[in-house]
Enquirer: 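Have a look at this one.
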Amino acid sequence: MSDTIKENGKCLCGAVRLTAHTVDTKVTACHCGMCRKWGGGPFMATDCGTDIIFEGEENIAVFNSSKWADRGFCKQCGSHLFYRLKGNNQYFIPVGLLDDEEMFVFNGQVFIDKKPSYYSFANKTNDMTEAEIFEMYGAP
Ligand SMILES: [Zn+2]
Ligand SMILES: [Zn+2]
């Protein structure tokens, strides 16, 4: 069972605000090449489910990043807002956007085999390789 909480968040400039009602308190880092190209480093996000409301939607740009997901960002300040699965409209929100950062626990890393060697996290985490992810969720 996962613990979920309600969280508010906003982008750097404040043009986009969000309220998510089922935020997982566990944070996962993704080391895949697309996430690192997008953000310049690993993508640290939490599963926010589908129950999420955005304010300032006119400031959200959506990039169609793959067959299975879109990535959203603020048109004004460039803050990354979400990774969204197309199949079920599930949102993964960068944890840095959310208000109560002390609520979160960093406990997972995915695409660990794609992580470049110049950094490593010291946290004790559950790690998954690309092959393990595709085995669990199905290959894209
Ligand atoms: Zn912004
Ligand atoms: Zn990724």
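Note that ligands are numbered from 1 as they come in the structure, with each ligand's atoms numbered from 1 the same way. Index from 1, following the sequence. Just the heavy atoms: all of them, side chains too, but no hydrogens, waters or symmetry mates, feed the values below.
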Enquirer: Could you pull out the N/O/S protein atoms under 2.8 Å of the Zn ion (ligand 2), ignoring any water?
Expert: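 Protein N/O/S atoms under 2.8 Å of the Zn ion (ligand 2): C30 SG, C32 SG, C35 SG.
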Enquirer: If hydrophobic clusters are built by linking Ile, Leu, Val, Met, Phe, Trp and Tyr wherever their side-chain heavy atoms come under 4.5 Å apart, do L18 and I60 end up in the same one?
Expert: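 Yes, because L18 and I60 connect within a single hydrophobic cluster, where side-chain heavy atoms sit under 4.5 Å apart.
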Enquirer: Does F63 have its ring centroid less than 6.0 Å away from the ring centroid of H80?
Expert: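 When the ring centroids of F63 and H80 are compared, they turn out to be at least 6.0 Å apart.
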Enquirer: Which Ile, Leu, Val, Met, Phe, Trp or Tyr residues join M34 in one cluster when any pair of side-chain heavy atoms under 4.5 Å counts as a link?
Expert: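 Answer for M34: none, a lone residue.
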Enquirer: Verify whether one side chain among T125 and D127 offers a donor that lies under 3.5 Å from an acceptor in the other.
Expert: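 Distance-only check passes for T125 and D127.
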Enquirer: For residues 85-98, please give each side-chain donor-acceptor pair under 3.5 Å, one per line with the distance, not counting sequence neighbours.
Expert:
residue: K86; atom: NZ; partner: N64; partner atom: OD1; Å: 2.5
residue: K86; atom: NZ; partner: S66; partner atom: O; Å: 2.7
residue: N88; atom: OD1; partner: Q90; partner atom: N; Å: 3.2
residue: N88; atom: ND2; partner: Q90; partner atom: OE1; Å: 3.1
residue: Q90; atom: NE2; partner: D47; partner atom: OD1; Å: 3.1
residue: Q90; atom: NE2; partner: D47; partner atom: OD2; Å: 2.9
residue: Y91; atom: OH; partner: R84; partner atom: NH1; Å: 3.1

Enquirer: Using atom types as modelled and distance alone, determine if a side-chain donor or acceptor of D113 lies under 3.5 Å from a backbone N or O of E130.
Expert: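 Yes.
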Enquirer: Go through it in stages, so that I can follow the logic: the residues are H21 and T4, the test is side-chain contact (heavy atoms from CB on, under 4.5 Å), and I'd like the CA-CA distance, side-chain angles, deciding distance and then a yes or no.
Expert: CA-CA 8 Å; H21 289 91; T4 64; over 6 Å; no
Enquirer: Is the closest side-chain donor-acceptor distance between K6 and T19 under 3.5 Å?
Expert: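 Per modelled atom types, K6 and T19 side chains form no pair under 3.5 Å.
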Enquirer: Listing residue and atom name, which protein N/O/S atoms are closer to the Zn ion (ligand 1) than 2.8 Å?
Expert: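 Near the Zn ion (ligand 1), below 2.8 Å, one finds C11 SG, C13 SG, C74 SG, C77 SG.
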Enquirer: From the options D100, T46, D51, select the one residue that forms a side chain to side chain contact (heavy atoms under 4.5 Å, CB included) with V23.
Expert: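 Only match with V23 under side chain to side chain contact (heavy atoms under 4.5 Å, CB included): T46.
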